[in-house]
**Student:** 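Before I ask anything, let me first share the structure, which is written out below as structure tokens.
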Amino acid sequence: MLKIGVLGVGHLGKIHVKCIQQTDCFELVGFFDPNDDNAAQVIENQGIKRFEKVEELLNVVDVVDIVTPTITHFELALLAIQHGKHVFIEKPLCNTVEEAETLLAACKERGVKVQVGHVERFNPALLALENTKLSPMFIEAHRLAVFNPRGTDVSVILDLMIHDLDIVLSLVDSEVKGVHASGVSVVSDTPDIANVRLEFENGCVANLTASRISMKQMRKVRLFQPDAYISLDFLEKNTQVIRLYDEGSPDLPKDANLMDLQTPKGKKHIHIDMPQTEPVNAIQYELETFAESILQNKKPKVSIDDGYRALKMAHEIIKTIEKNGDR
Ligand code: NAD
């Protein structure tokens with residue numbers, strides 16, 4: 001079993017503690033958090049040991065789980081890597097591209113594993129597509145949240161849109177050649193709502209919208225590819241795959257989910273599929289997957305390179321918004 005310590009037991013850190021306690025791949029040694037109220041709640045409800053100094057915790061674990069505000073990620077992750085510890089770090093990897101490059105170099109030098117908490121990669125809506133060939137040419141992503149002061153230490157791009165940036169960059173096997181973006185700061189000092197258009201070398205276009213000042217929640221990604229329209233709902237954790245077949249096509253599925261459509265190109269059949277996976281606790285699953293990558297010496301499913309790529313794209317978007325005169 002791997003010995004693990006948690007840094008930061010605020011809103012998400014408490015959930016991580018619970019998930020770690022439910023796994024059988026980690027032994028939870030303790031946590032470090034300077035906030036006495038949060039620490040007291042975790043000691044009382046989850047009965048784990050509080051360490052007074054980060055270094056004391058680092059000295060007795062194999063892995064640390066960093067669930068602190070984004071602006072502290074770099075310092076804590078670097079310290080852990082320099083102590084030769086494997087690091088699970090919440091998204092975004094860190095605050096700046098320069099910090100990420102320093103972490104990448106340190107990780108390579110010490111030969112430790114780092115996984116970034118892009119938890120949507122473990123959402124059943126996406127897991128349900130593991131056997132579906134994805135080759136999107138147009139992507140529409142909406143991530144809307146009601147206002148919550150947590151997370152406003154960084155812009156909505158780094159706080160929310162980064163989830164969809166990671167998903168889009170993991171799905172499109174091509175380089176980004178153009179970025180168009182606009183954003184508006186409404187209640188914080190950085191953009192609270194933003195819209196971005198990414199153009200890829202292979203012709204794919206991704207249109208992403210993120211807001212943290214909406215009246216209702218939405219987390220949807222829609223993929224359009226030559227043979228299918230795929231709709232993922234990350235909030236409801238479900239997926240729809242819709243395909244069009246010619247009349248008499250040998251590939252036409254034999255089940256009942258068919259609708260007829262008269263088109264100028266003749267009669268077609270629409271097939272609607274809702275692929276299913278086992279219900280899964282995405283946070284527990286990402287942590288277990290990280291343990292597996294350490295124990296089996298495999299690349300983490302969401303590696304530090306993935307975290308770096310999403311962060312770099314996020315900063316290019318932020319720069320584009322600033323250049324356009326928005327904040
Ligand atoms: P929070 O403010 O509720 O909690 C942060 C905790 O970290 C606090 O208890 C604070 O005292 C502690 N802390 C601050 N500095 C520290 C340090 N140097 N060492 C140890 N502890 C320290 O924040 P949160 O909502 O739990 O978010 C934490 C992180 O998780 C952020 O990076 C955020 O982006 C990320 N997050 C990810 C998701 C997701 O979907 N993956 C969702 C929410 C938050």
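Atoms within a ligand are numbered from 1 in the order they appear, just like the ligands themselves. It should be emphasised that the depicted structure is a prediction, and the values quoted were computed from it without experimental measurement.
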**Student:** For ligand 1, note which part of E120 has a heavy atom under 4.0 Å away: side chain, backbone, both or neither.
**Tutor:** neither

**Student:** Between the side chains of N207 and N195, does any donor sit under 3.5 Å from an acceptor?
**Tutor:** yes

**Student:** Measure T70 to ligand 1 on non-hydrogen atoms and call it side chain, backbone, both or neither using the 4.0 Å cut-off.
**Tutor:** both

**Student:** How about E90 and H16: does a side-chain donor come under 3.5 Å of a side-chain acceptor?
**Tutor:** yes

**Student:** May I ask you to identify, for V119, whether its side chain, its backbone, both or neither come under 4.0 Å of ligand 1 on a heavy-atom basis?
**Tutor:** side chain

**Student:** Should H118 be listed as contacting ligand 1, given a heavy-atom distance under 4.0 Å as the test?
**Tutor:** no

**Student:** Rounded to the nearest 0.5 Å, what separation is found between the NZ atom of K85 and the CG atom of L57?
**Tutor:** 9.5 Å

**Student:** Less than 6.0 Å separating the ring centroids of F224 and Y229?
**Tutor:** yes

**Student:** Just heavy atoms, cut-off under 4.0 Å: does L76 contact ligand 1 by side chain, backbone, both, or neither?
**Tutor:** side chain

**Student:** Between L12 and ligand 1, does any nitrogen or oxygen pair lie at a separation below 3.5 Å?
**Tutor:** yes

**Student:** Is NZ or CZ of K49 both nearer than 6.0 Å to the six-membered ring centre of F51 and within 45° of the ring axis?
**Tutor:** yes

**Student:** Ignoring angles and geometry beyond distance, decide whether K91 reaches within less than 3.5 Å of ligand 1 through its nitrogen or oxygen atoms.
**Tutor:** yes

**Student:** Taking atom types as modelled and ignoring hydrogens, do the side chains of Q262 and D260 form a donor-acceptor contact shorter than 3.5 angstrom?
**Tutor:** no

**Student:** Would E75 count as a contact of ligand 1 if the rule is a heavy atom under 4.0 Å away?
**Tutor:** no

**Student:** Can you list the ligand 1 atoms lying under 4.0 Å from a non-hydrogen atom of G117?
**Tutor:** 41 (N)

**Student:** What part of H11 sits under 4.0 Å from ligand 1 if we count only heavy atoms: the side chain, the backbone, both or neither?
**Tutor:** both

**Student:** Taking the side chain as everything from C-beta on, heavy atoms only, tell me whether Y308 gets closer than 4.5 Å to E101.
**Tutor:** yes

**Student:** So which of D33, D159, V42, D36 gets nearest to atom 8 (C) of ligand 1, if we judge by its closest heavy atom?
**Tutor:** D33

**Student:** Are R212 and S188 close enough that a side-chain donor and a side-chain acceptor fall under 3.5 Å?
**Tutor:** yes

**Student:** List ligand 1 atoms under 4.0 Å from H163, heavy atoms only on the residue side.
**Tutor:** 39 (C), 40 (O), 41 (N)

**Student:** Could you work out, for atom 32 (O) of ligand 1, the closest of H73, K14, Q41 by heavy-atom distance?
**Tutor:** H73

**Student:** Could you check whether K14 and N38, counting side-chain N and O atoms only, form a donor-acceptor pair closer than 3.5 Å?
**Tutor:** yes

**Student:** Please list, in number order, the atoms of ligand 1 under 4.0 Å from a heavy atom of F32.
**Tutor:** 19 (N), 20 (C), 21 (N)

**Student:** Any chance the side chains of K113 and N297 put a donor and an acceptor closer than 3.5 Å?
**Tutor:** yes

**Student:** Can you figure out which of P92, A39, P34, P69 has its heavy atom closest to atom 5 (C) of ligand 1?
**Tutor:** P69

